[in-house]
2 protein chains.
Amino acid sequence: MTVTEAAAERLIRIGEVARGAGVSVRAVRYYEQQGLLIAERSPSGQRLYRQDTVTLVRFFQQMFAAGLTSRRIAELLPCWDTGHTDAEQRAMLRAERDRIQAKVDDLQAALDRLDEVIAITDTHP
Amino acid sequence: MTVTEAAAERLIRIGEVARGAGVSVRAVRYYEQQGLLIAERSPSGQRLYRQDTVTLVRFFQQMFAAGLTSRRIAELLPCWDTGHTDAEQRAMLRAERDRIQAKVDDLQAALDRLDEVIAITDTHP
DNA sequence: CTTGCCTCTGACGCCAGCGTCAGGTTTTAG
DNA sequence: CTAAAACCTGACGCTGGCGTCAGAGGCAAG
């Protein structure tokens, strides 16, 4: 990103990204298709990624686990790329946050109910 | 369920169950198909449910929201019907509990990351 | 009687995040 | 040089909890 980057960063191929992030190669291709990743190409057509792509993919997984769609993630990508957002994006961020918080509450309630049942069935052989 | 039940409980039809639990009629039929509900039938073939079915359906929704499949719920139904469980069921209960707990942790982590971004983008117009 | 709402049984559709197979090229290890 | 491993581009399949349409019967009110 700075001028010192002239010390060209070593690029990695898709398999290394996948192993590094703990996902399948297919998944990484899918992310590209959804506009989440952009890859350079080697002369023969193989995808080449920067090393921090691994971190990015892990982040995608985290967001997927939180219920965001790839579309939403793509729409919000500029936020952590540039740190800048417009009003619409801020609204989306808040909406997702609230949705996740609600889901956490739901899960916690479900957890409590299961724990009830477990407690009962343990004392009730 | 006791003898006093002779004062026959009023049975309700599928629409009332659906409205009461806040789900679609289609969903209630689906639950029956998956073995989660058993309905009596009127002479003309209409499904008739006990009133507490509404509560049961709400419970299903809670478990679905927690990521349990209808199959799992069906396998665990005896637990809260009879209060009795075998070793296998107890193991499943614990497994689901742990899975949900892990999911809560994941969601919480995602929430924290989103909050980070929100904080940054708020101070960074 | 008929109007209008509720219910019935199939059965196909949908979405999202991949899995997986096919058939071919490229890179790497020995 | 060769074989294995890794990569490529399509393109169809899968899962689960329903939505939805089709076509037909049931039931209280006016």
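Chain letters run A, B, ... following the sequence lines, proteins first and then strands; every chain starts at 1. What's counted below: heavy atoms across the whole structure, side chains too, no hydrogens, waters or symmetry copies.
Not one side-chain nitrogen or oxygen of B:Q33 sits closer than 4.0 Å to the OP1 or OP2 atom of D:dG16. Checking the phosphate oxygens (OP1, OP2) of D:dG10, no side-chain nitrogen or oxygen of A:R26 falls inside 4.0 Å. An OP1 or OP2 oxygen of D:dG26 is reached within less than 4.0 angstrom by no side-chain nitrogen or oxygen of B:S42. At the phosphate of C:dG19, OP1 or OP2 sits under 4.0 Å from a side-chain N or O atom of A:S24. B:S44 has a side-chain polar atom (N or O) that falls below the 4.0 Å cut-off from OP1 or OP2 of D:dC27. In this model, the phosphate group of D:dG17 is approached by a side-chain N or O of B:S70 to a distance below 4.0 Å at OP1 or OP2.
Using a 4.0 Å cut-off on heavy atoms, the residues of residues 12-20 of chain B that approach DNA chain C are B:R13, B:I14, B:G15, listed by number. Residues from residues 72-80 of chain A that place a heavy atom under 4.0 Å from any atom of DNA chain D: there are none.
Using a 4.0 Å cut-off between charged side-chain N and carboxylate O, A:R94 and B:D122 make a salt bridge. Ion pairing between B:E96 and B:R72 holds under the 4.0 Å rule for side-chain N and carboxylate O.
Between A:F60 atom CZ and C:dG17 atom P there is a gap of 12 Å when expressed in whole angstrom units. If you measure from atom CZ of B:R29 to atom C1' of C:dA11, you get 13 Å, rounded to the nearest angstrom. Distance A:E32 CD to C:dC18 C1': 15 Å, rounded to the nearest Å. Per the geometry, CD belonging to A:Q46 stands 12 Å off P belonging to D:dA6, to the nearest Å. Summarising the geometry, the separation between CG on A:L37 and P on C:dC18 is reported as 12 Å, rounded to the nearest angstrom. In this structure, CZ of B:R47 is placed 15 Å from P of D:dG26, rounded to the nearest angstrom. Rounded to a whole Å, the OH atom of B:Y30 is 15 Å from the C1' atom of C:dC12.
Residues B:R13 and B:Q46 have side chains that bring a donor and an acceptor to within less than 3.5 angstrom of each other.
Judged by distance alone, with hydrogens and angles left aside, the side-chain atoms of A:E75 form no donor-acceptor pair with the main-chain N or O of A:Q89 at under 3.5 Å. Counting only distance, with no hydrogens or angles, the side chain of B:R58 and the backbone of B:G20 share a donor-acceptor pair below 3.5 Å.
Backbone-only engagement by B:L68 is indicated by non-hydrogen atom pairs under 4.0 Å involving sugar-phosphate atoms exclusively. Residue contacts shown for B:Y31 are limited to sugar-phosphate atoms, with no base heavy atom under 4.0 Å away.
Atom CZ of B:R99 has more than 12 heavy atoms from other residues, nucleotides or ligands within 6.0 Å.
Using a 4.5 Å heavy-atom threshold, the side chains of A:Y31 and A:Q61 count as touching. Within the 4.5 Å cutoff, the side chain of A:I118 has heavy atoms near those of the B:R97 side chain.
When all heavy atoms of B:V25 and B:A18 are compared, the closest pair comes out as N-CB, 3.8 Å.
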What's the verdict on salt bridge (charged side-chain N to carboxylate O under 4.0 Å, His left out) for B:R47 and B:E32, showing C-alpha distance, side-chain angles and the deciding distance? CA-CA 10 Å; B:R47 292 171 176 83; B:E32 178 173 336; 2.7 Å; yes
